[in-house]
Each structure stands twice: as structure tokens, then as C-alpha cells.
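Data first, discussion second: the structure below is written as C-alpha cells.
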Amino acid sequence: MPQILIIDDDQTVCLSLKLLLSRAGYEVDFSLSPSEGTNAIATKDYDLLLLDMNFTISSTGQDGLQTLEEILVARPDLPVILITAWATVQLAVEGMKRGARDFLAKPWDNAHLLKSVASVLNLYGQKRTANDHQADADGFGEIVGRSSELKEVLDMAKRVARTEASVLITGESGTGKELIAKAIHESSERAKHPIVAVNLGGIPEGLFESEMFGHRAGAFTDAKRDRKGHFEMAEGGTLFLDEIGDLPLSGQVKLLRVLQERYFTRLGDSKSKKADFRLISATSRVLPELITEGRFREDLLYRINLVTLHLPPLRRRPEDIAELAEHFLTLGAKLHHTEKPDLSSDALKWLQRQSWPGNIRQLKNVIERSIIFARDNKLTPTDLEVGYQAGQSKKIDSLPAIELADMEERMIKAALARHNNQITATAAELGLTRPALYRRMEKYGIAHERS
């Protein structure tokens with residue numbers, strides 16, 4: 001039975017609509033204020049909203065439009081029909097522009113209202129179901145975990161994916177922020193266009209403009225040919241700015257200007273280009289603290305976090321560890337061309353006892369190292385401990401140097417493959433600087449084709 005919410009400050013109107021719609025077979029609730037209605041939407045999955053346009057002595061409809069915008073940020077998939085006694089063509093058009101599906105005037109015609117409700121529910125109810133299946137079939141289907149905290153984040157991410165809202169993903173390092181960003185992109189209207197991932201912590205301050213804006217040949221000494229920047233490469237798609245909290249203030253000013261004006265200009269060029277991308281940012285830092293310290297602009301934070309998603313650390317998701325471990329065992333065995341080992345019950349308990357400061361990324365690396373070191377086809381706590389310790393800075397005297405060197409070479413090759421030979425992303429995963437990674441690649445004779 002479709003569930004409908006009415007938000008109107010006139011109780012007589014609410015009761016009349018509830019009686020009419022209930023007789024037509026709908027389950028109906030009503031709220032007498034926008035705040036009460038917003039709370040109701042947050043706690044119940046309604047299929048349709050009937051929203052009054054005026055809640056003050058004013059008859060402009062602006063309070064209703066503001067309420068509409070706030071609700072669609074939280075529930076972008078919720079179809080809304082606007083109702084007002086102050087019917088004007090301009091107000092109807094403005095409401096439809098902001099996301100409403102239909103517009104009715106008071107006093108309403110019962111037959112017309114019921115027809116509108118049925119049409120909107122039929123059209124957008126089917127679309128919502130199809131979108132839910134499509135989201136699971138796209139990026140979100142690759143995300144492993146069933147904990148309630150993760151499910152809450154994913155539910156919100158799926159709703160946000162269908163909109164153009166800027167998203168800020170927060171959480172500790174290794175919690176899967178980039179994976180969520182890619183899932184949002186792949187489930188959005190921009191999925192046919194690229195997602196361009198940029199680690200802002202890996203761009204030297206002096207190269208920010210060249211990297212992000214691009215440049216024309218001759219713009220500076222080493223600019224021998226035209227080069228597209230990340231803003232332009234993300235045209236029509238999504239720009240993912242990782243570790244945005246590491247961006248220096250000078251870069252923040254330039255980024256903010258692009259986000260405000262939606263235009264940018266290559267270095268050495270006189271023509272501006274439209275910044276046509278959806279922005280997703282991520283950080284492991286606490287941005288309000290950086291604002292207090294004067295290291296992050298408050299106005300930039302407002303631009304990048306229309307919706308904020310916070311990923312919980314792995315230590316708060318112990319129920320997900322078994323599923324994640326099986327997933328990484330399958331991937332690791334395929335990557336290293338070996339038979340997938342089983343995980344003993346003691347080994348699983350060992351995994352669930354760890355605090356995992358490096359979160360999912362650390363768990364993945366431990367599983368992968370353990371596959372390399374395992375002596376038989378069943379991983380034990382000892383195998384996992386070896387894999388765990390191999391990722392630490394202290395030396396393991398009991399292991400032959402040649403085995404460690406072989407493991408390091410294989411891990412570098414695997415990380416390069418995962419990140420499509422992107423040095424910055426590979427170095428970040430391995431906990432190395434770019435120069436350090438290059439030195440190790442030279443040591444092992446690992447070729448690298450630079451893009």
C-alpha cells in the first residue's frame with residue numbers, strides 16, 4: 001500500500017485529504033509544520049509527499065519552496081506534489097524547476113487530485129524501483145559489508161547518487177572513501193562520462209594550477225605542448241578530490257572560485273571553459289578543526305558538503321570482517337595465480353580481535369601478504385601474524401631477505417595494476433613517497449609508462 005505524507009499547517013485540509021486518499025486505498029500521515037514533516041520523512045520511507053506552499057502570513061510561497069529544497073536534499077527520490085491557495089504560473093514553474101512533480105491549486109477537484117496522485121506514484125514509483133536495482137547493479141554492488149552503520153551510509157549514498165549534489169566523504173584512512181565515490185558516480189546520470197580522481201595531498205603547491213586548470217604550450221618554461229587539467233578531463237563526469245583537507249590555502253582560493261563561477265581558464269589561455277562536473281570530495285581530517293586553526297576556508301566547506309557521508313572505521317564493523325576477508329582471499333588468490341586458501345575459525349577470530357588502525361586497506365594487505373607466506377591451503381593465526389608484521393616498520397629477522405624482497409616486488413606490481421600505473425595513488429596505498437616508490441621500481445626493474 002503506497003504511503004503518503006501531507007505537510008500543511010491547516011488541520012482541516014490535512015483531515016480532508018487524509019479521508020479522500022484513505023478511501024482510495026492509500027496509507028496517509030500528515031504533519032502540521034515543515035519541521036514536523038521533515039522529521040517524519042527521516043523516520044519513514046514515504047512514496048509521495050503533498051506539500052503546502054505557505055506556512056506563514058506571507059503568500060509568496062517562498063517558505064514552501066525552501067521546505068521543498070530541504071526535503072529533496074534528504075530524499076531526492078521522493079516525488080512531491082505542491083498544493084497552494086495562492087496559485088500562480090510563476091510559482092508553479094519555480095516549484096517544478098526545483099524538483100516538484102506536479103502542482104495543484106486549492107480548492108482542489110477530488111477527481112483531478114486522485115488522478116495526479118495515481119499518475120505520479122505510478123511513474124516515479126516504478127522509476128525509483130528501477131533506480132534501486134540499477135544502483136545495486138552498478139558501483140554499490142561491489143561494496144562488501146552488511147553492518148548497520150555501513151548500510152546507513154550506503155542508503156544515503158544511493159539516494160544522493162541520482163542528484164547533482166556535491167558530496168563530502170569523511171572517515172579514517174583506508175575506510176573506502178574512494179570506493180564510495182566511484183559507486184556514487186557509476187550510479188549517477190554522469191556514469192557514461194569519466195570520474196577523475198585527484199589526490200590533492202600529492203600535488204606540490206606550485207603545480208596546482210597546471211594540474212587542475214591545464215596549460216597552453218608556452219605558458220611557462222617547461223610547457224612544451226597543450227595539456228588538459230583535471231577540471232577539463234572531468235567534463236560531463238565526476239571530479240573526485242581526495243584528501244581535500246591537505247590542499248594549501250592558496251589552492252583553496254582557486255578551487256573555490258571555480259566552484260562559485262563554474263568556469264576556469266587554462267594557464268596561458270584567454271578563453272574560459274565551463275566547469276561541467278559533479279564534485280565529490282574526501283578527507284581523513286576533521287575540517288571544522290582545520291577551520292578553527294585557520295588552515296581551511298569555511299566558505300569552501302559550505303561549497304563541497306551539501307551532503308556529508310561519514311564512513312565508520314573497521315573496528316566499529318567487526319561483523320563485516322568475515323565477509324571482507326573472504327572477498328580479499330578470492331581477489332588475492334586470483335592476483336597471485338594461486339589456489340584460494342581457506343580461513344580457519346581461529347584465524348577469523350584473530351582477525352576480529354585486531355583494532356585495524358589502517359582499516360579495510362590494512363586488512364586487504366594483511367590477507368594478501370598472508371596468501372604469499374602461507375605454507376598450506378588453510379590460513380592460521382600464525383600466517384596472518386606474519387602478514388600483519390610484514391606490513392610494519394620493524395624488521396622480521398626470522399624471514400629470509402630474498403623472500404621479503406620478492407614479496408615487496410610482487411606487492412608493488414599488484415598495487416600498480418590496481419591503480420592503472422598511477423604513481424601517486426600506488427605510493428599512497430603502499431605508504432611510500434613518490435621518490436621512494438620510483439627507487440624501488442628501479443631496483444626491481446619494474447617498467448612504468450607515464451601518461
Side-chain angles (χ1 to χ4, degrees), residues 41-45 74-77 128 131-162 165 167-188 240 242 280-286 305 307-332 340 342-371 379 381 384 387-388 391 418 429:
I41 289 170
T43 57
K44 192 170 180 178
D45 191 19
R75 278 288 308 278
D77 61 328
R128 179 181 171 190
N131 282 339
D132 285 341
H133 289 311
Q134 183 64 30
D136 288 335
D138 292 339
F140 290 103
E142 299 179 9
I143 297 174
V144 178
R146 301 178 182 179
S147 61
S148 58
E149 284 194 79
L150 178 63
K151 185 177 182 299
E152 184 177 342
V153 174
L154 295 182
D155 287 344
M156 179 60 74
K158 289 176 184 178
R159 294 174 185 174
V160 171
R162 306 162 198 157
V167 180
L168 174 64
I169 307 173
T170 63
E172 296 177 8
S173 179
T175 49
K177 297 187 288 294
E178 184 169 358
L179 188 61
I180 295 292
K182 288 180 178 178
I184 291 174
H185 169 74
E186 291 170 7
S187 302
S188 74
F240 174 54
D242 198 8
I280 302 179
S281 308
T283 183
S284 56
R285 296 177 176 269
V286 181
N305 77 332
V307 177
T308 299
L309 303 174
H310 181 73
L311 286 174
L314 187 56
R315 60 182 172 275
R316 291 203 341 231
R317 301 167 45 195
E319 61 269 47
D320 288 340
I321 288 179
E323 190 174 354
L324 284 165
E326 283 296 319
H327 177 68
F328 293 141
L329 282 170
T330 301
L331 292 181
K340 176 188 171 185
D342 293 325
L343 194 66
S344 70
S345 58
D346 288 340
L348 176 57
K349 290 176 183 177
W350 185 92
L351 290 173
Q352 293 173 330
R353 286 197 302 268
Q354 307 312 306
S355 59
W356 300 112
N359 293 292
I360 298 172
R361 183 184 296 127
Q362 184 185 17
L363 173 64
K364 179 178 181 294
N365 289 342
V366 167
I367 294 292
E368 191 169 317
R369 294 186 190 105
S370 301
I371 292 173
L379 292 183
L384 294 171
Y388 188 92
R418 282 193 294 274
E429 177 180 328

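Listed by chain and number, the residues in a side chain to side chain donor-acceptor pair (under 3.5 Å) with N305 amount to none (sequence neighbours excluded). Partners of E152 under the salt bridge (charged side-chain N to carboxylate O under 4.0 Å, His left out) rule, at least two apart in sequence or in another chain, do not exist in this structure. Residues forming a side chain to side chain donor-acceptor pair (under 3.5 Å) with T330 (at least two apart in sequence, or on another chain): K340. Residues passing the salt bridge (charged side-chain N to carboxylate O under 4.0 Å, His left out) test with E323, sequence neighbours excluded: R146. Partners of K151 under the salt bridge (charged side-chain N to carboxylate O under 4.0 Å, His left out) rule, at least two apart in sequence or in another chain, are D155.
In this structure, the separation between CD on E172 and CD1 on I360 is 11.0 Å, given to the nearest 0.5 Å. Rounding to the nearest 0.5 Å gives a distance of 10.5 Å between CD of E178 and CD1 of I280. Distance CG/L179 to CD1/I143: 4.5 Å, rounded to 0.5 Å.
When all heavy atoms are compared, the tightest approach of K44 to R75 is O-NH1, 4.1 Å. Between V366 and S370 the shortest heavy-atom distance is O-OG, 2.7 Å. Across G145 and L150, no two heavy atoms sit closer than the pair CA-CD2, 3.6 Å. Smallest separation of non-hydrogen atoms from F240 and S281: CE1-C, 4.2 Å. Scanning both residues, S284 and S173, for their nearest heavy atoms gives CB-N, 3.9 Å.
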Working note: L351 + I367, criterion side chain to side chain contact (heavy atoms under 4.5 Å, CB included); need CA distance, chi angles, decisive distance, verdict.
CA-CA 10 Å; L351 290 173; I367 294 292; 4.2 Å; yes
Kindly indicate, with the supporting measurements, whether the criterion side chain to side chain contact (heavy atoms under 4.5 Å, CB included) is fulfilled by F328 and V144.
CA-CA 10 Å; F328 293 141; V144 178; over 6 Å; no
Kindly determine whether E186 and K182 satisfy salt bridge (Lys or Arg N to Asp or Glu O under 4.0 Å), including the steps that lead there.
CA-CA 6 Å; E186 291 170 7; K182 288 180 178 178; over 6 Å; no
For L154 and I180: C-alpha separation, side-chain torsions, deciding distance, then whether side chain to side chain contact (heavy atoms under 4.5 Å, CB included) applies.
CA-CA 8 Å; L154 295 182; I180 295 292; 3.5 Å; yes
Audit row: I169, V153, side chain to side chain contact (heavy atoms under 4.5 Å, CB included) steps and yes/no:
CA-CA 10 Å; I169 307 173; V153 174; over 6 Å; no
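Considering only heavy atoms from C-beta on, S147 stays 4.5 Å or farther from P312 through its side chain. Residues L329 and E326 have side chains in contact (heavy-atom distance under 4.5 Å, counting atoms from C-beta outward). R162 places none of its side-chain heavy atoms less than 4.5 Å from the side chain of S187. L379 places none of its side-chain heavy atoms less than 4.5 Å from the side chain of D342. R369 places none of its side-chain heavy atoms less than 4.5 Å from the side chain of L384. With a 4.5 Å cut-off on side-chain heavy atoms, T170 and K177 do not count as touching. Residues L168 and V307 have side chains not in contact (no heavy-atom distance under 4.5 Å, counting atoms from C-beta outward). Within the 4.5 Å cutoff, the side chain of L363 has no heavy atoms near those of the H327 side chain.
If you check the side chains of N359 and T175, you find no donor sitting under 3.5 Å from an acceptor.
The existence of a salt bridge linking K158 and D77 is excluded, since no basic side-chain nitrogen approaches an acidic carboxylate oxygen closer than 4.0 Å. Electrostatic pairing of E149 and R316 counts as a salt bridge here, judged by a charged N lying under 4.0 Å from a carboxylate O. Remark: K364 engages E368 in a salt bridge, criterion side-chain N to carboxylate O under 4.0 Å.
Each salt bridge (Lys or Arg N to Asp or Glu O under 4.0 Å) pair with one or both residues in residues 353-362, not counting sequence neighbours, would appear here, but there are none.
The backbone N or O of W350 sits less than 3.5 Å from a side-chain atom of Q354, completing a donor-acceptor pair.
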